[in-house]
Amino acid sequence: MARPNEAEMMAELASAADRGWNASRMEPRAQTACYDAADGRVAIELTDRCTFAFPPALLQGLGRATEEELATVEVLPGGESIYWECLDVGFSVPNLVAGSFGTEAWMRELNRASETF
């Protein structure tokens, strides 16, 4: 496989930068995130000033987290992800807003559990 020349590399970089800029304008991004213990929900304020909130038990890896651990949620640079360093658990904001709270297997289990209600 031939190595790309400098012009090809620069064109790829410019294309990647354009895709990133377009995604940041079209996809939901987090401005802030917090755990609201009174409501028992994680709330993400999006850059468009909408708020998305959900119970942490829906998210894979957060079902047994304490309130103190949940309160450590942070928004990663660019607002594309939220992350709990103490739990080593992170999620894509666009995926969360789309209703994806974990792996495909996790989502199948959530769907099975919701069918029993």
In this structure, OG of Ser100 is separated from CG of Asn95 (nearest 0.5 Å) by 5.0 Å

To the nearest 0.5 Å, atom OG of Ser81 lies from atom CD of Glu74 at 10.5 Å

Using a 4.5 Å cut-off on heavy atoms from C-beta on, say whether the side chain of Gln31 contacts that of Thr47.
yes

Looking only at heavy atoms, the pair that brings Pro28 and Val93 closest together is O-CG1, 3.8 Å

Worksheet item: Checking Glu69 side chain against Leu87 main chain: does a donor-acceptor pair fall under 3.5 Å?
Response: no

For Asp39, the side-chain hydrogen bond (donor to acceptor under 3.5 Å, both in side chains) test, sequence neighbours excluded, returns none

In this structure, CD of Glu67 is separated from CG of Asp36 (nearest 0.5 Å) by 10.0 Å

Between Tyr83 and the options Val75, Val73, Asp88, Val89, the side-chain contact (heavy atoms from CB on, under 4.5 Å) test singles out Asp88

Distance col, row Arg29:CZ vs Ile44:CD1, nearest 0.5 angstrom, shows 12.5 Å

Heavy atoms of Cys86 and Thr72 approach each other most closely as SG-OG1, 3.4 Å

dist Leu46:CG -> Glu27:CD (nearest 0.5 Å) comes out at 12.0 Å

Check: If we only count heavy atoms from C-beta on, is the Val42 to Leu59 side-chain gap below 4.5 Å?
Finding: no

Discussion item. Angle between ring planes, Phe101 versus Phe54, binned at 30° and 60°: parallel, tilted or perpendicular?
Written reply: tilted

Exercise. Would you say Trp84's side chain and Leu70's backbone share a donor-acceptor pair under 3.5 angstrom?
Worked result: yes

Notebook entry, point to check: Can you check whether Asn5's main-chain N or O pairs, donor with acceptor, with Glu8's side chain at less than 3.5 Å?
Noted result: yes

Smallest heavy-atom separation, Pro56 atom then Gly40 atom, equals CD-O, 3.3 Å

